[in-house]
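Here is the structure we will look at.
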2 protein chains.
Amino acid sequence: MITIKDIAEIAGVSIGTVDRVLHNRGRVSTTTKASILSIVKEKGYRKNIVASQLSNNKRTVFAVIMPLPHQNDYFWDLIKEGIETGKEKLGFFKIDLQYFFYDRFDKHSYEIEFKKAIAIHADGFLIAPVVADQAIKYKSLIREDQKVVLINSDLPNFSRISHIGQNSYDSGRTAAKLMSQIIEESGTIAVIEVEPEDYHINIRARGFKEYIRKNTDSTVKTYMLPVENHLAEYEKTVEKMTYENRDLIGLFVPNSSVHYFAEMLKDIKIIGYDLVEANTRMLESGNIDFLLNQQPAKQGELALESLFKNIVLVEDVKEFQFLPIEIICRENLESYKLGGKNE
Amino acid sequence: MITIKDIAEIAGVSIGTVDRVLHNRGRVSTTTKASILSIVKEKGYRKNIVASQLSNNKRTVFAVIMPLPHQNDYFWDLIKEGIETGKEKLGFFKIDLQYFFYDRFDKHSYEIEFKKAIAIHADGFLIAPVVADQAIKYKSLIREDQKVVLINSDLPNFSRISHIGQNSYDSGRTAAKLMSQIIEESGTIAVIEVEPEDYHINIRARGFKEYIRKNTDSTVKTYMLPVENHLAEYEKTVEKMTYENRDLIGLFVPNSSVHYFAEMLKDIKIIGYDLVEANTRMLESGNIDFLLNQQPAKQGELALESLFKNIVLVEDVKEFQFLPIEIICRENLESYKLGGKNE
DNA sequence: CTGTTAGCGCCTTCAC
DNA sequence: GTGAAGGCGCTAACAG
């Protein structure tokens, strides 16, 4: 592995000069610059980040903008954990994390937190843009040289180095496949949808419905997820669902709120999302048949790793990083709880 | 973060002395040693590996001892890939990998390769001890100060810093749960077992059988996996299986050879293991219903990471690291192929 | 037994 | 424009 000193020697200049052209700072005569660059290219020079980090005294700071951890049944807490372990792994590299949690149900919250994040002049942003319209509205506050990674859901025309998430459509289809296997005969299957802003959730619902229609004799019927997080609202929805469909055999809830429904519904097959505490309990008790998982922790970890790779190591990062669609039932649940972090 | 220099200052000694006690090299008076250690503890000193690596000129070398990558339908190649990406992530840290591939079907191969591995005086060993008896027989050749990580299967009384694998019993139960869901009525389910030396495979079979017996009305019947990898042998087994059981409704193959069976058997439900090429093709075509995955790549990566952590960073590593039991069907297969490494 | 010193490869400041 | 020099934190060799 060639070093900056080697280059200097070959070019017949000092390491200071080499450094200058490598970082595009200070003035260097065009001739020496060209000669240095050609050596760099020819010899395949890559900077030694270990040395670089040691010497470099500035810390790189990342702003994490995401919903309050407790929202969506603590789903976001899992993401946060992953970000944390990502930082852990980066060990002695000088990176700072600053969190900005917004209330996803409060219209103004995103703006407030986002502007706070802008103010710290971070080198990179890790954003979970659940409130799509808001995220798009303020995105121009991010400077060109600040890198962003979008996590969990993607946004069109949002300039970012990477999006980390899951293929929502296939995920819905996977749920449908399972549903079709576990129902004993055909009937009506209820599908929950959500407010349009959270569109990747609805894509799951679409994948589910299209699969069921194409591959089974069952019918699907759509119900809206209560906007207010009150038990009474869920009860109303469940009542309506059961009243309207005497032949109700299954329910698909494309997000973490499946446990609310599972608690009230017996004798039908239920498939939902996310290994949040409330859901895993229902899975264990048998009220929920399958949960799909989107590896929130892994998403967080990958997101941080990607920012680091792009900003600190100055390496390219894949524009899309889709994680596996994980299927969880009672029998393999334990193996997921441990998550490779046991004992 | 406190540095070695800070400690020296506080203790009123030179950094050389501090270094000596931290590395247990050279003689240091008991008093100064005690005082330094107390400061270390009190201030929570952790060595800066970035600086350490930069300064340290010796490379640490790991010996990887595993079956030939192409064996078991290229399963081991997946493990190897994981080890490789693990190394990739360790980037500029000076670690060397040396592979020693043994032929798992050749009695003497393990001994030969293992002795070669011993000869390089590695700092750590990453061993996949499929041939349990051999591995145990020669383990004493490893020195006390050499750390070992066992991957894929574990060995009793084998002194190792960590075992990385999967809970075989639960994995069998998970397969059984799926089988019980997809069969339409009861009948006979064939289960394949293997030579006893590969015992974790048979534990899967046991988990499967016990679940089926307890939770369904179906019967299970055991057949042995052909020792010789000839198509004719598989054909014989399949013939026997179908001839003996007119009501054959399902087949469980607890390892990667499921595709041989799937190719010949129609109209029954089939569950097997591992996302090797031959199997994923059968999953796509519908001949196999579910595959369980044991994250071979992740296993490899974790194993390398664990060695690194323990040897280079001198940090503790969990003794058991069990990975999730992953369920794959046609609909989520694509998401696993990408494996977060796409685009 | 203990202190000093010269690097590891890169970055930054200062002087010419 | 360019070079020289000091330092990041740790290691290892050398001198007492």
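By convention in this document, chain letters (A, B, ...) are assigned in the order of the sequence lines, proteins followed by strands, and residues within each chain are numbered from 1. All values reported here derive from a predicted model rather than from experimental measurement.
Considering only the side chain of Leu54(B), dC8(C) comes nearest among dC8(C), dC1(C), dC10(C). If you check dC11(C), dT5(C), dG3(D) against the side chain of Thr17(A), the one that comes closest is dG3(D). For Val28(A), the listed nucleotide lying nearest its side chain is dT2(D); candidates were dA13(D), dC10(D), dT2(D). The nucleotide whose nearest atom lies closest to any side-chain atom of Arg20(B) is, among dG3(C), dC11(C), dG1(D), dG3(C). The Lys5(B) side chain lies nearest to dC8(D) when the options are dT12(C), dC8(D), dC10(C). Side-chain atoms of Arg25(A) lie closest to dC11(C) of the nucleotides dG1(D), dC11(C), dG3(D). Nearest nucleotide to the Ser14(A) side chain, out of dG3(C), dA4(D), dC10(C): dA4(D).
Atom CD1 of Ile36(A) and atom C1' of dT2(D) are 10 Å apart (whole Å). Going from atom CG of Asn56(B) over to atom C1' of dG7(C) covers 12 Å, rounded to whole Å. The distance from atom CZ of Arg46(A) to atom C1' of dG9(C) is 15 Å, rounded to the nearest whole Å. Note: CG (Leu22(A)) to P (dT12(C)) measures 12 Å, nearest angstrom. Here dC10(C) presents its P atom at 9 Å from NE2 of His23(A), a figure rounded to the nearest Å. Between the CG atom of Asn48(B) and the P atom of dG7(D) there is a distance of 18 Å, rounded to whole Å. Remark: C1' of dA12(D) and NZ of Lys47(B) are 13 Å apart, rounded to the nearest angstrom. Nucleotide dC10(C) holds its P atom 14 Å from the CG atom of Leu313(A), rounded to whole Å.
Looking at heavy-atom distances under 4.0 Å, Val13(B) makes contact with sugar-phosphate atoms alone, never a base. Contacts of Lys33(A) with the nucleic acid, taken as non-hydrogen atoms under 4.0 Å apart, are absent. No engagement by Phe92(A) is indicated, since no non-hydrogen atom pair under 4.0 Å with the nucleic acid exists.
Distance check, rounded to the nearest 0.5 Å: CG of Asn48(A) to OG1 of Thr3(A) gives 9.0 Å. Going from atom CD1 of Ile127(A) over to atom OH of Tyr110(A) covers 4.5 Å, rounded to the nearest 0.5 Å.
Looking at heavy atoms from C-beta onward, Lys80(B) lies in side-chain contact with Phe101(B) at the 4.5 angstrom threshold.
Distances shown here put a side-chain N or O of Thr32(B) below 4.0 Å from the OP1 or OP2 atom of dT2(C). At dC8(D), none of the side-chain N or O atoms of Lys94(A) fall inside 4.0 Å of OP1 or OP2 (strictly under the cut-off). Contact annotation: Tyr45(A) side-chain N/O to dC10(C) OP1/OP2 distance is under 4.0 Å.
Using cut-offs of 30° and 60° for the angle between ring planes, the His163(A) and Phe320(A) rings count as perpendicular.
In this model, no side-chain donor or acceptor of Ser52(B) finds a partner on the base of dC10(D) within 3.5 Å.
Each of Ile15(A) and Ser29(A) was assigned the nucleotide of DNA chain D with the nearest heavy atom; the assignment lying further toward the 5' end belongs to Ser29(A).
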